[in-house]
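Notes to accompany the following structure.
Residue numbering restarts at 1 for every chain, and letters A, B, ... go by the order of the sequence lines.
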Number of protein chains: 2
Amino acid sequence: MPVNDQPVTLADVAAVAKVSAQTVSNVLRRPERVLPKTRRKVEAAIEQLGYHPNYAARALRASASHVIGLRIEPTSTEVVGSIHDRFLHALAEAGRPSGYHIQLFTADDAAAEAETARTLIRAGAADGVVLYDVRAQDPRPGLLLAGRVPFVSFGRTVSGTGEYSWVDVDDETGISDAVDHLVERGHRRIGYIGWPEDFSVGVRRARGWRDAMTRHGLPTDLDARAEDTMPAGSQAAGRLLDDPHPPTAIVAATDTIAVGIHHEATTRGLRPGADLAIVGFDDTPTALAFGLTSIGQPVTEAARAIMELLVDTVAKPDRHAVHGRLLAPRLVVRASSRSARP
Amino acid sequence: MPVNDQPVTLADVAAVAKVSAQTVSNVLRRPERVLPKTRRKVEAAIEQLGYHPNYAARALRASASHVIGLRIEPTSTEVVGSIHDRFLHALAEAGRPSGYHIQLFTADDAAAEAETARTLIRAGAADGVVLYDVRAQDPRPGLLLAGRVPFVSFGRTVSGTGEYSWVDVDDETGISDAVDHLVERGHRRIGYIGWPEDFSVGVRRARGWRDAMTRHGLPTDLDARAEDTMPAGSQAAGRLLDDPHPPTAIVAATDTIAVGIHHEATTRGLRPGADLAIVGFDDTPTALAFGLTSIGQPVTEAARAIMELLVDTVAKPDRHAVHGRLLAPRLVVRASSRSARP
DNA sequence: ATGAAAGCGCTAACAG
DNA sequence: CTGTTAGCGCTTTCAT
């Protein structure tokens, strides 16, 4: 590693290579326009000086920062299985090929998030933002649209999806696959534990379960609701297990709830996988640790799709094509549901 | 929210306020140099136009990006309790007062991380970086030092700590507090499960346990080692519990291991907290969910300290003061160790 | 107290 | 194919 604190500029390289600054720039951005011989000369000089083009200058000149903003949410202390950090990493990785960097910002609520995003854009600190975990009634897409902030969302609102680009995972199919899998194993009393109805969250997951059950001609009475915490999951599981005709399998809307079910089952002397099948959602490390079958979101693929759409959106903020991309989840079968119903 | 796509510049504001661009700049950066009357006039214009200073231009002019780089690591699929995401959020938040933004980058290994960091600095894309989770034999501080990359680390190497600024948590005291707490509850057979010796990781945690036990005149034979996964924790716990004189309490080097212990105990019909006390490390959501006593790291405080030191380091990269800051962890007592030994 | 000039490093547009 | 000119938006001199 050469140690040289003086910032090396285009002009320095040009001087060493005995060409103009413009030619150096061309070597970097339009190599085909430059004679191979001069190119090699310039490249040697670049190498020798350890030159790196200055981001700020490029950004200023090009009016493009190549930065994507992302609000980082405070982690809930009650959620034990989240794909948030996996998503962050995947997004950072996905930006690499196109030269985009992810910059974090914090905000207290949706309005603040939108406002900060707008400021970032106006200040040229970012070219666009990614909206994480967009829910059915989420106000953020509307706010960003109004503020003319280029963005792509992970998740989508229930309406207005024709107005912005989004990437989402097909929850209904995921849950439906889980139900199919359980039915195949001989289960008929299959319960569901998800968020309370009024949360407007996970309505698609609940619907996925109900529809799948109906499709199989099975009853949908074993429906319990719980907030996304382990104790709430345990409690809800308790209610279902107290039923005169208790479930032999339960599908959960999250891994956190699934662990709660696992815990409740164990406490009652039921062996998960043998006496009670359990399926979670998100395929987090927690699911792996507890041997829980879980519906995994294709996080890497989602991040890639988001960056792709974002590059598009950023390129022509005015009249860019609006795309929605629905990705298929993948059921990861583990011990908690592998064996057939006894 | 005014909608106006034209980027608003200093000159625009100046035109509206009928002053020179320079005066607008002064209003923003040296308000005291400007007559209150003109200042108000300018502020009105700024407000009216929704002006935000352009980051790239500032960065170019000031040769300072106000960006801090941070490598985001791929999440291990086997770790169920991590403070990584909490740290990210805390860092983003900690940068706010001083106007620093966190930018993520990915790298495959320590060498790539150092190299990328160096490139970011040379390109003026970042003013400094934060090194996360620095371990005893970590090569990164040395590499960054050699590459003259301004940085502050969270965690520290075993040697060379006088050459760079770091913030760390006092593991030994944390574990020692846990042992004291258990002894107070009447425990004497207190086991420890941590990383394998040769990992050079967590040597301080292991030492903390050994020293505390010795201080209390208690034996240190119940020492098992496990990698940082739940099954490994369960296995190790099994080995300790198979001892002719099994432990009545176990201290774990991580929450992941602690959950493994919890699981093994439950499987054997031992009630955590009643038949076996368990203490984890990091106070993650997982610990909360399982009612595990855990040694919490002051993540927010650490992030603040890091940003503070970093601002210093970045300001004078050559001859800045080198500081080490050792923060005290905090024992969070929950059901898994609250009651006295029966 | 305010303004004019210059330049941070780069690249688009135009000349040669 | 290469070089010259100009300017992205801002701030640090230096005048006024």
Side-chain angles (χ1 to χ4, degrees), chain A residues 5-43 45-46 49-67 99 119-127, chain B residues 5-43 45-46 49-67 99 119-127:
Chain A
D5 282 353
Q6 292 310 320
V8 181
T9 74
L10 259 195
D12 297 332
V13 177
V16 168
K18 295 192 196 313
V19 295
S20 76
Q22 184 52 41
T23 299
V24 179
S25 175
N26 284 337
V27 169
L28 263 49
R29 307 195 87 41
R30 283 162 215 286
E32 74 281 3
R33 285 198 187 169
V34 148
L35 222 57
K37 207 170 76 179
T38 20
R39 197 170 78 202
R40 271 191 300 275
K41 210 168 50 177
V42 170
E43 276 162 352
I46 288 176
L49 296 174
Y51 166 77
H52 289 287
N54 180 292
Y55 269 64
R58 263 196 185 174
L60 179 57
R61 185 63 238 231
S63 302
S65 61
H66 272 77
V67 166
T119 304
L120 284 176
I121 300 299
R122 297 197 63 109
D127 297 339
Chain B
D5 282 352
Q6 293 310 319
V8 180
T9 72
L10 259 195
D12 298 332
V13 177
V16 168
K18 297 193 195 311
V19 294
S20 76
Q22 184 48 42
T23 299
V24 179
S25 175
N26 283 337
V27 168
L28 263 51
R29 305 194 90 42
R30 284 165 217 282
E32 73 281 3
R33 285 199 187 167
V34 147
L35 222 55
K37 207 171 75 179
T38 19
R39 197 170 79 201
R40 272 192 299 275
K41 211 167 51 177
V42 170
E43 276 163 352
I46 288 176
L49 296 174
Y51 166 77
H52 288 287
N54 181 290
Y55 269 64
R58 267 198 182 171
L60 179 57
R61 186 64 239 235
S63 303
S65 61
H66 272 78
V67 166
T119 305
L120 284 176
I121 300 299
R122 297 197 63 110
D127 297 339

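Taking atom CZ on B:R33 and atom C1' on D:dT11, their separation rounds to 11 Å, with Å as the unit. For B:R29 and D:dT13, the CZ to C1' distance is 16 Å, given to the nearest whole Å. One atom, CG of B:L10, and another, C1' of D:dT12, lie 14 Å apart when rounded to the nearest Å.
Contact footprint of chain A on DNA chain C: nucleotides with an atom under 4.0 Å from a non-hydrogen protein atom, first to last in 5' to 3' order, C:dG9 to C:dA13.
Identified under the side chain to side chain donor-acceptor pair (under 3.5 Å) test for residues 31-43 of chain B, with sequence neighbours left out: none.
In this structure, A:T38 reaches the D:dT2 phosphate: one of its side-chain N or O atoms is under 4.0 Å from OP1 or OP2. The phosphate of D:dG9 (OP1 or OP2) has no side-chain N or O of B:R58 nearer than 4.0 angstrom.
When every heavy atom of A:D12 is checked against every heavy atom of A:V8, the shortest pair comes out as OD2-CA, 3.5 Å.
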Which pairs, protein N/O on one side and nucleotides 5-8 of chain D N/O on the other, fall under 3.5 Å?
{"from": "D:dG7", "atom 1": "N2", "to": "A:R61", "atom 2": "NH1", "distance (Å)": "2.8"}

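Here the side chains of A:V13 and A:T9 are not in contact, with every heavy-atom distance at 4.5 Å or above.
Within 4.0 Å (heavy atoms only), A:Y51 reaches sugar-phosphate atoms of the nucleic acid but no base atom. In this structure, B:R39 reaches neither bases nor backbone, as no heavy-atom distance under 4.0 Å exists between it and the strands shown. Note on B:L35: only backbone sugar-phosphate atoms sit closer than 4.0 angstrom, heavy atoms only; bases stay farther off.
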Ignoring hydrogens and angles, write down the donor-acceptor pairs under 3.5 Å from the side chains of residues 53-64 of chain B, residues two or more places apart or on other chains.
{"from": "B:N54", "atom 1": "OD1", "to": "B:A56", "atom 2": "N", "distance (Å)": "2.8"}
{"from": "B:N54", "atom 1": "OD1", "to": "B:A57", "atom 2": "N", "distance (Å)": "2.8"}

Review item, side-chain donor-acceptor pairs of residues 15-31 of chain B, under 3.5 Å, at least two apart:
{"from": "B:S20", "atom 1": "OG", "to": "B:Q22", "atom 2": "N", "distance (Å)": "3.3"}
{"from": "B:S20", "atom 1": "OG", "to": "B:T23", "atom 2": "N", "distance (Å)": "3.3"}
{"from": "B:S20", "atom 1": "OG", "to": "B:T23", "atom 2": "OG1", "distance (Å)": "3.3"}
{"from": "B:Q22", "atom 1": "NE2", "to": "B:N26", "atom 2": "OD1", "distance (Å)": "3.1"}

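Axis orientation changes by 40° from one end of the helix from C:dA1-D:dT16 to C:dG16-D:dC1 to the other, with each end axis drawn from 5 pairs and the value rounded to 10°.
The backbone N or O of B:G50 lies less than 3.5 Å from a partner atom in the side chain of A:R122, making a donor-acceptor pair.
Summarising the geometry, atom OH belonging to A:Y51 is positioned 3.5 Å from atom CG belonging to A:L10; distances are rounded to the nearest 0.5 Å.
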